[in-house]
There are 2 protein chains.
Amino acid sequence: MPPAPEPQPALDEQIAIYQREYRDLDTQVEKVVNALSRLDRRMNVAYGRQLALLGLGHAEWEVLKELVMVGAPYQLWPGTIAKRLGLTPAAMTHRIDRMLAQGLVTRERDPENRVRVIVGITDEGREKWLQVMRKASVFEEDLLQDLTKVERTLLGELLTRLLRRVEDAQPDASGRLTDLD
Amino acid sequence: MPPAPEPQPALDEQIAIYQREYRDLDTQVEKVVNALSRLDRRMNVAYGRQLALLGLGHAEWEVLKELVMVGAPYQLWPGTIAKRLGLTPAAMTHRIDRMLAQGLVTRERDPENRVRVIVGITDEGREKWLQVMRKASVFEEDLLQDLTKVERTLLGELLTRLLRRVEDAQPDASGRLTDLD
DNA sequence: AAGATAAAGTTCGATGCTAAAGACTACACA
DNA sequence: TGTGTAGTCTTTAGCATCGAACTTTATCTT
C-alpha cells in the first residue's frame, strides 16, 4: 500500500482532514482561503503556458503589466516596480537588464535626478503585453463560464471587500488586520 | 513630475486603465481575476511574516502542509509532494535535506520498493504546523470579518465552482478549459 | 531467466532571487 | 561653501530552483 494516493484531494476533503488535525478550525473560512490559494496557483500555471509560447517568463510579464498599468507615458522608477512586485531593487536591476536585451523596455537616467532611472516600455513590449492579454482573457472567460452575470458581479464584489480589508488596513505588530478608519 | 505615483492603484482604477489599453476587456471578469491574484499575494505576505517568526520559510511550510493534509501516518513520496507543489524532483531532494537538518521531517527508503523514499513528519514538524495554523486562522478570521455567515458560504461556493472548472477540466492543446466530463 | 523498458530520486551546471555592502546624487544645515 | 545624511540603483556572494543527465530498482517481454 502506497503512503499516499497520487491525485490532490478535493477541496472539501482536504478541509475535512485539516479539521481532524486541528479542532478549532473554521471550515467556512478555511474553504474560502484554500480555494483562493488553489485558484491562484492554477491560474499562474495557465498563464505560464501562454507566456512560454510567446517566449516570455512570469518575471517579464509582471514588469510589462506594471508599465502598462501606470498609463501613458508608461514610465516607472525601478524602485517603484520592485516595491509593487515585492522584489528587491537588486532583482529589478537584473530583470531590466534581461528585458533590455530582449527589446521589451528602455532604461535611461532621470534628467531631474541623476541617481534615478526611468524604465519605459518599447512598442514590442506593448505588443507582447497585448498578445498575452488576448490569450489571458480567453482563459479567464473559460474559467468563469459557469457563473451568471449576477454571480460574477457578486463574486467581484465580495473579493473586493476582502481586498479592501487587507490592502487598506496596515497590520499591527502582531499581524492583526484591524481598523479601516 | 515623477514618472509614477508611489502607491499601487486601487483595483477599479487599475481595471479602468487596462480597459483604456485593451478595448475588448471584460471588466467584470478582469475584476474577479485581478482581485484573486492580489488577494493571494497579500495573504502570502501575511503568512510569510508569521512563518518567519517561527523560523520557517514558505518552502518548509508547504511541505509540512502536504504531509499533514494526507492524514495518518503522515507519509508521502517525494515525487508526490513535488507534483502537488509544482516543483521538480530535484528541488524536493534539497528541501527534504534542509528540513531533515531542522528536524522537521524524516526520510527513509520504502521497504516495498527500494528506489522509492518515504518522507514522514516529526513531532516537532507537527507542532510547528499547529503553531502556524493557529496564527493563520487568526489572520484569516480578520480577513473575512466584514462578511456575514451567508456571504462567506456564498463566496466559498462560488470559488469552489471556479476551482472545479480549472481542476477537473484538463486544458486542451490551445489551453482552453472545456468539457468537465 | 535475460535483457529491455520504465520509474524514482539524486547529482550537476546554469539562472534568478535575496541580503548586504558599495557608489553616486541631491538636499539639509551649519 | 562644506559636510553630513538620506535615497536610489548596482555589485557581490550565497542560496533555491530548474532542466537534463545519471543511478538504482522494479516490471514487462520474450
Side-chain angles (χ1 to χ4, degrees), chain A residues 1-7 41 44-45 48-49 51-52 55-64 66 75-102 104-120, chain B residues 1-6 41 44-45 48-49 51-52 55-64 66-67 75-102 104-120:
Chain A
M1 177 175 148
E6 269 305 321
R41 166 158 311 195
N44 283 330
V45 169
R49 263 194 299 267
L51 289 171
L56 288 178
H58 183 68
E60 288 81 6
W61 167 240
E62 280 186 316
V63 174
L64 289 181
E66 292 297 330
Q75 294 180 336
L76 283 170
W77 296 318
T80 303
I81 307 177
K83 226 169 287 180
R84 292 188 185 174
L85 297 181
L87 298 174
T88 61
M92 274 315 301
T93 297
H94 297 311
R95 279 198 185 185
I96 302 302
D97 285 345
R98 300 196 303 270
M99 295 179 70
L100 213 52
Q102 298 174 55
L104 299 172
V105 297
T106 60
R107 172 165 53 189
E108 50 184 309
R109 304 219 76 92
D110 187 336
E112 294 183 12
N113 184 335
R114 288 244 224 332
V115 145
R116 286 196 159 134
V117 169
I118 294 183
V119 177
Chain B
M1 174 176 143
E6 269 304 321
R41 166 159 312 202
N44 282 330
V45 170
R49 262 195 300 269
L51 289 171
L56 289 177
H58 182 68
E60 287 82 5
W61 167 240
E62 279 186 316
V63 175
L64 289 181
E66 292 297 330
L67 283 170
Q75 294 181 337
L76 284 170
W77 295 317
T80 304
I81 308 178
K83 227 170 285 177
R84 293 188 183 172
L85 297 181
L87 298 174
T88 60
M92 272 316 301
T93 296
H94 297 311
R95 279 197 185 185
I96 301 301
D97 284 346
R98 298 195 303 272
M99 295 180 70
L100 212 53
Q102 298 173 55
L104 298 171
V105 298
T106 59
R107 172 165 52 188
E108 50 185 309
R109 304 218 78 91
D110 187 336
E112 294 184 12
N113 184 335
R114 285 229 188 35
V115 148
R116 285 196 160 133
V117 169
I118 295 182
V119 178

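Note: hydrogens, waters and symmetry copies are ignored here, and every other heavy atom, side chains too, is used. We name chains A, B, ... by the order of the sequence lines, and we start the count at 1 in each one. All of these numbers come straight from a predicted model, not from anything done at the bench.
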Interatomic distance where CG belongs to Leu85(B) and P belongs to dT17(D) [whole Å]: 10 Å

Return the angle between end axes of the helix from dA1(C)-dT30(D) to dA30(C)-dT1(D), with five pairs used per end and rounding to 10°. 10°

For the atom pair CD (Gln75(A)) and CG (Asp110(A)), what is the distance rounded to the nearest 0.5 Å? 9.0 Å

Please tabulate the protein-to-nucleotide N/O contacts below 3.5 Å involving nucleotides 22-27 of chain D, giving atom names and distances.
| residue | atom | partner | partner atom | Å |
| --- | --- | --- | --- | --- |
| dA26(D) | OP1 | Arg114(B) | N | 3.4 |

For Arg109(A), the side chain to side chain donor-acceptor pair (under 3.5 Å) test, sequence neighbours excluded, returns none

Between dC9(D) atom C1' and Lys83(A) atom NZ, what is the distance in whole Å? 12 Å

Atom CD of Glu108(A) to atom C1' of dC9(D): distance rounded to whole Å? 15 Å

The criterion is side chain to side chain donor-acceptor pair (under 3.5 Å); which residues satisfy it with Asn113(A), sequence neighbours excluded? none

Closest non-hydrogen contact found for Val117(B) with Pro78(B) is O-CD, 3.1 Å

Under 4.0 Å protein heavy-atom contacts per nucleotide of nucleotides 11-18 of chain C, with B for base, S for backbone only and - for none: B----SSB

Ile96(A) CD1 to Met92(A) CE distance, which is reported to the nearest 0.5 Å: 3.5 Å

Those residues that, when tested against Thr88(B), pass side chain to side chain contact (heavy atoms under 4.5 Å, CB included) (two or more places apart): Ala90(B), Ala91(B)

For a quick check of understanding: with a heavy-atom distance under 4.0 Å over all strands, which category does Arg109(B) fall into, base, sugar-phosphate or nothing? nothing

Could you check how far CG of Leu100(B) sits from P of dG9(C), rounded to whole Å? 15 Å

For Arg114(B), check side chain to side chain contact (heavy atoms under 4.5 Å, CB included) against everything at least two apart and list the hits. none

Not counting sequence neighbours, which residues clear side chain to side chain contact (heavy atoms under 4.5 Å, CB included) with Leu51(A)? List them please. Leu56(A), Trp61(A), Val132(A)

Mind calculating the distance between CD1 (Ile96(A)) and P (dC9(D)) to the nearest angstrom? 10 Å

Tell me: CG of Leu76(A) to P of dC9(D), nearest whole Å? 11 Å

All side chain to side chain donor-acceptor pair (under 3.5 Å) counterparts of Arg98(A), not counting sequence neighbours: none

Pairing residues for Glu66(A) by the salt bridge (Lys or Arg N to Asp or Glu O under 4.0 Å) criterion, not counting sequence neighbours: Arg84(A)

State which residues pass side chain to side chain contact (heavy atoms under 4.5 Å, CB included) with Glu62(A); sequence neighbours excluded, sorted by chain then number. His58(A), Leu85(A), Arg95(A), Arg41(B)

